[in-house]
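Following: one structure in structure tokens, then a few remarks.
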Amino acid sequence: MILKIILFIVWVYALTVLKRGKLGFYYFLVGSVGTFLTLLNFMPYFKDYFIYAFVWALGGIGDLTGLYESYAQYGMFFINHNDTVMSLYVDMECSGIIEMMVYVSLLAFFPAYKPIQKLVTGIYGIVCICIFNFIRIFTIIWMIFTFGTPVYSLAHAIVGRIIFYVLTVALYFYVFTRHQVIGQKVGKFSYENLDDKQ
């Protein structure tokens, strides 16, 4: 615990040095990595609650569609396919918590946004990542329900991940790349008549 506090103080001091030195890229890099590691330290205290809420929310769709049953207290889904019942456990990786922490860490030190914009964009991004993960998990469950347990590896390792990461990359493009390109100040361009100089 003491070591973590010392490292946190060193990290804050390093940020002040980089800020004073106007080393923007290193300030962004050190700030983002440090924020992610700090959030990672607090994750054991809230991940179970988040997984519970995630499974509970997605369980409502299961009640409407009849594709699966959810047990939020255990972080599990039960999928019935013919005479086979398969359980799908939602752990830290499946919940999208890590992706949310990466997003928040990058946004916290992204220079193109003002503080209030970061807050709004942060909430927007977290909601989007949750929705993307809902779509991913629901797709996995639908494939297992429709085609049976043999497609589990395909659904979980390939199809679900492709859907989630394509949507996440689109979010990153919209939030980071597009905003920075639009916000760049480009100087005026003019063409001089070379004949005027002669």
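- Distance CZ/F164 to CD/E99: 4.0 Å, rounded to 0.5 Å.
- The shortest side-chain heavy-atom distance between I79 and L67 does not fall under the 4.5 Å cut-off.
- In this structure, W11 has its ring center closer than 6.0 angstrom to the ring center of F8.
- I141 approaches Y68 most closely through the heavy-atom pair CG2-CD2, 3.3 Å.
- N41 approaches K4 most closely through the heavy-atom pair OD1-NZ, 2.9 Å.
- Within the 3.5 Å criterion, the main-chain N or O of I98 finds no donor-acceptor partner in the side chain of Y103.
- Checked options F109, F110, F28; the residue passing with F176 is F110 (criterion: ring pair (Phe, Tyr, Trp, His ring centres under 6.0 Å)).
- Nearest heavy atoms, M100 versus I126: SD-CG2, 3.9 Å.
- Inter-residue side-chain proximity for H156 and R161 is flagged as met; some heavy-atom pair is nearer than 4.5 Å.
- Across L39, L40, T38, a single residue satisfies side chain to side chain contact (heavy atoms under 4.5 Å, CB included) together with F42, and that is T38.
- Proximity of a side-chain donor or acceptor of R136 to a complementary backbone N or O of C94 within less than 3.5 Å is detected.
- Residues Y152 and M86 are in side-chain contact: their nearest non-hydrogen atoms beyond the backbone lie under 4.5 Å apart.
- To the nearest 0.5 angstrom, L167 atom CG is 11.5 Å from I162 atom CD1.
- You'll find the ring centres of F132 and Y165 outside the 6.0 Å limit.
- The two residues M92 and I51 have their closest heavy-atom pair at N-CD1, 4.1 Å.
- In this structure, the side chains of V90 and M76 stay at 4.5 Å or more apart for every pair of heavy atoms.
- Taking CG from L15 and OG1 from T35, the interatomic distance works out to 7.5 Å, rounded to the nearest 0.5 Å.
- Here Q73 contributes atom CD and D48 contributes atom CG; the two are 13.0 Å apart, rounded to the nearest 0.5 Å.
- I123 CD1 to C128 SG: the interatomic distance, rounded to the nearest 0.5 Å, is 12.0 Å.
- Both M101 and I131 belong to a single network of hydrophobic side chains, linked directly or stepwise wherever heavy atoms of I, L, V, M, F, W or Y lie under 4.5 Å apart.
- For the pair F145 and N80, the tightest heavy-atom approach, listed with the atom from each and the gap, is CD1-O, 3.0 Å.
- Here the side chains of I137 and F54 are in contact, with some heavy-atom distance below 4.5 Å.
- Between Y172 and L106 the shortest heavy-atom distance is CE2-CD1, 3.6 Å.
- Of the possible polar contacts, none joining the T121 side chain to the K118 backbone as a donor-acceptor pair under 3.5 Å is found.
- With rounding to the nearest 0.5 angstrom, the CD1 atom of I140 is 11.5 Å from the CD1 atom of I158.
- Annotation for F46: atom CZ counts as buried by contact number, over 12 foreign heavy atoms lying within 6.0 Å.
- One hydrophobic cluster holds both F25 and V30 under the rule that ILVMFWY side chains link at heavy-atom gaps under 4.5 Å.
- In the hydrophobic clustering of this structure, L7 does not group with V33; members are Ile, Leu, Val, Met, Phe, Trp, Tyr whose side-chain heavy atoms approach within less than 4.5 Å, directly or through other members.
- With hydrogens and angles ignored, the 3.5 Å screen pairs a side-chain donor or acceptor of S105 with a backbone N or O of F36.
- You'll find the side chain of W142 reaches within 4.5 Å of the side chain of F147, heavy atoms only.
- K19 forms a cation-pi arrangement with Y27, by the criterion of a distance under 6.0 Å to the ring centre and an angle within 45° of the ring axis.
- The main-chain N or O of S95 is found under 3.5 Å from a side-chain atom of N133 such that the two form a donor-acceptor pair.
- Using cut-offs of 30° and 60° on the angle between ring planes, the pair Y74 and Y71 is tilted.
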